Amino acid sequence: MDTNESILRDVSDVAESREQRRLSRLRRIGLPLGALAMFLWWRIGVGEPIVFSNFSLPSLDAHLVIIAVFFLFMIGILLVMTLGAGRSPHVLYRTEQLDIGLDDVVGIEPIKEDIDRSLDLFLAHKTFAREMGGSPRRGLLFEGPPGTGKTYIAKAIAKDAGVPFLFVSATSFQSMYYGATSRKIRSYFKQLRKAARSEGGAIGFIEEIDAIAMARSGVNNAAPNPDQNHTVVNRAISEGVGGVVNELLIQMQSFDEPVGSHKFKSWFIDKANLVLPASRQMRRPKSQPANILLIAATNRADNLDPALLRPGRFDRRISFDPPALAGRYQLIDNALTKRNHEVELDDPEVRSAIAAVTQGYTPAMLEHIFDEALVNALRRGATQLSRKDLERARLTEEIGMGQPVAYTEHERRLIATHEAGHATIAYLVAPYRRLDILSIVKRKDSLGLLAHGDTDDVFTRSQSEMIAMMKIAFGGQVAEEIFFGEVSTGPASDLAYATTVGAQMIGSCGMGQTLISLQAVSSSSFSDTNLVGRVLADSTLRTELQDLLADLKANTSDLMQQNRHIVTALRDALLDRHELLGHEILDVIEAANRAAPQLPAQQQLAD
């Protein structure tokens, strides 16, 4: 945090406003109580003290009392039903009720820094406006996939800000009664302004705001983007959505709406000015702005009404994405700090390896697999989780729970050979990839699997990498042909994957004989098909794709013929142990290479 931000945080206009409000409330309470005390002392001084024991209730007919109570009860029910339908559905949290601060948030440092600046501006809004002439941010929109920490960090903001935190789910605004949804929205913002004026500031948080803020009919649902098609699409929306969005827009623009006392003073001054000469006209009081920071979270920001996203409503859109490698490492450190674990997991290299294999995991997913790892430890009678517990939890999360079935002996050997073929080619053509799990245990629709991934976070693929991935896909089919002389139904999904990757290379990435991108097709006879369908519909591109797949399969077959011993070793290990994890795969391959002296794998690949 730089010097200017430190100054803003130190000023804390919120605390100053809260203290002024507290003193004002004490004066309002003290004046009538002081007047009452003076009156009572005066009565005592003149010898006429008030004797409260002399007061008595008048006698009433019991039947009349019962009738009156009944009607009052019925009237009360009607009032509760009428007023309750428009009551704000929020839940108010105070600072002491929240146990999460910004210091507890790890793994999303860039987002945390941006939010910290917004919090500084919120706390020192008067200083920022007076000394720098700026307007503090009034709204933050958190967008991103589920589990990325949107609600978590909102609570941390409320904890560090030290102001009331009004949490509400957007679905709780919805009502079956016409107009009740808009009344609830008005009531929520009224309570938000009231809390902000009494406490110096308040933070409102609307969870899943897309439930009440979807784009209205006829309104373009996205901000202009030069890289996107700007066609306006009229979506079918439910009745009343437009009115609800309009109410939300109005309320977000009315943070400075005057309170009741200001309205009364303004009314009185207006009436008095009607009889006063022009030279003695009184000025209406200015309304004091409410210091409010409104935060909303959504997984579908592109579908929100564009009027919500303009400056003055949501000034800042903050995207929450799954954390990068460094962020996942911090999250793993934090998770292991709170959980009992074996000493092996204290090794930084082990933690780095876990961070590498969890690419794409959100903070919530990481927390979940650590909890599942603890469950695995309990199943084996341990009180500390191990690395193998984590690996099995991750495997179950990504692929599904193992469901051992009684394969026939032929099926066992066929599946083991198929998966060993995948692993062999992956080891030979993609040394930069991690071999995580090799298994012949049935999971969901998969009879066996090879789980492999990048050693580092990558966001693009080169042509050689895509070719290597296609060769790995062909590994299972080629192994079946070499060892059994025929092909089973197992390679069907592998061929679909290889066809998809090849179609991307030829029809979209410019890695074939044409530079035309079929991905750019938007309105033609191909527009209703995916990229693979467009490639296959073109006879020239279809022939090119067929030739590419045939060449890669032949290359894979030659490579596997030279390394049959690796396939055999992995197959036998799978038949014996059913599942190999991480280093166990490499141990089997290295032992096979030592037992069968021949050209090193990298030299064979070069040949």
Side-chain angles (χ1 to χ4, degrees), residues 93 98-119 140-161 165 167 169 203 205-210 295-301 316-341 345-346 348 350-377 385 387 389-399 434 436 453-454 456-459:
Y93 291 96
L98 303 170
D99 55 359
I100 301 168
L102 284 174
D103 291 339
D104 301 315
V105 178
V106 298
I108 50 175
E109 295 305 319
I111 293 175
K112 201 164 102 173
E113 291 176 5
D114 196 2
I115 288 175
D116 204 49
R117 295 190 201 99
S118 299
L119 183 57
L140 303 177
L141 180 64
F142 293 169
E143 55 177 329
T148 47
K150 300 183 291 294
T151 304
Y152 189 86
I153 203 167
K155 292 181 180 179
I157 294 173
K159 174 71 173 179
D160 285 10
F165 180 73
F167 173 87
S169 171
I203 295 176
F205 182 73
I206 304 178
E207 182 72 284
E208 304 298 346
I209 193 174
D210 50 89
I295 305 173
T298 179
N299 306 326
R300 306 167 64 189
R316 190 75 168 177
R317 292 178 64 174
I318 300 177
S319 297
F320 286 70
D321 297 315
L325 181 64
R328 295 197 301 276
Y329 188 94
Q330 293 177 352
L331 289 166
I332 291 168
D333 277 348
N334 184 63
L336 288 174
T337 301
K338 299 180 291 186
R339 292 171 175 83
N340 202 12
H341 58 274
L345 291 173
D346 290 327
V350 173
R351 296 191 178 189
S352 296
I354 297 172
V357 301
T358 52
Q359 182 179 8
Y361 275 50
T362 64
M365 292 172 65
L366 284 171
E367 286 285 325
H368 175 67
I369 65 165
F370 276 98
D371 287 337
E372 289 297 314
L374 285 174
V375 174
N376 291 338
L385 67 90
R387 184 177 182 181
D389 293 327
L390 273 173
E391 288 296 330
R392 295 195 179 280
R394 185 174 67 86
L395 176 64
T396 302
E397 182 69 22
E398 293 182 1
I399 306 169
R434 248 181 12 259
D436 294 330
D454 298 291
D456 298 308
D457 287 1
V458 296
F459 305 96

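From a predicted model like this one, the values you see are computed outputs, not experimental measurements.
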| field | Any Leu345 side-chain heavy atom under 4.5 Å of Leu390 side chain | value | yes
| said: Tell me whether Arg328 contacts the main-chain N or O of Thr358 through its side chain, where contact means a donor paired with an acceptor under 3.5 Å. | reply: yes
| request: Determine yes or no for a side-chain-to-main-chain donor-acceptor pair under 3.5 angstrom, with Asp114 supplying the side chain and Ile111 the backbone. | output: no
| task | Take Asp346 and Arg351 through the salt bridge (Lys or Arg N to Asp or Glu O under 4.0 Å) test and state the conclusion after the steps. | result | CA-CA 7 Å; Asp346 290 327; Arg351 296 191 178 189; 3.2 Å; yes
| message | Before you tell me yes or no, could you show the steps for Phe320 and Thr362 under side chain to side chain contact (heavy atoms under 4.5 Å, CB included), namely the whole-Å CA-CA distance, both residues' side-chain angles and the distance that decides it to 0.1 Å? | response | CA-CA 10 Å; Phe320 286 70; Thr362 64; over 6 Å; no
| query | Knowing that exactly one of Ile332, Asp333, Asn334 qualifies, which makes a side chain to side chain contact (heavy atoms under 4.5 Å, CB included) with Leu336? | reply | Ile332
| message | Return the CZ to CD1 distance between Phe165 and Ile157, rounded to the nearest 0.5 Å. | response | 8.0 Å
| Of Ile108, Val105, Ile153, the residue whose pairing with Ile115 passes side chain to side chain contact (heavy atoms under 4.5 Å, CB included) | Ile153
| request: Report yes or no: does Glu207 contribute a side-chain atom to a donor-acceptor pair with the main-chain N or O of Ser169 at less than 3.5 Å? | output: no
| request: Would you mind reporting whether Lys150 and Asn299 have side-chain heavy atoms less than 4.5 Å apart? | output: yes
| request: Please confirm whether the backbone N or O of Leu102 pairs with a side-chain atom of Lys112, one donor and one acceptor, at under 3.5 Å? | output: yes
| What is the ring orientation for Phe167 with Phe205, classed by angle as parallel under 30°, tilted 30 to 60°, or perpendicular over 60°? | parallel
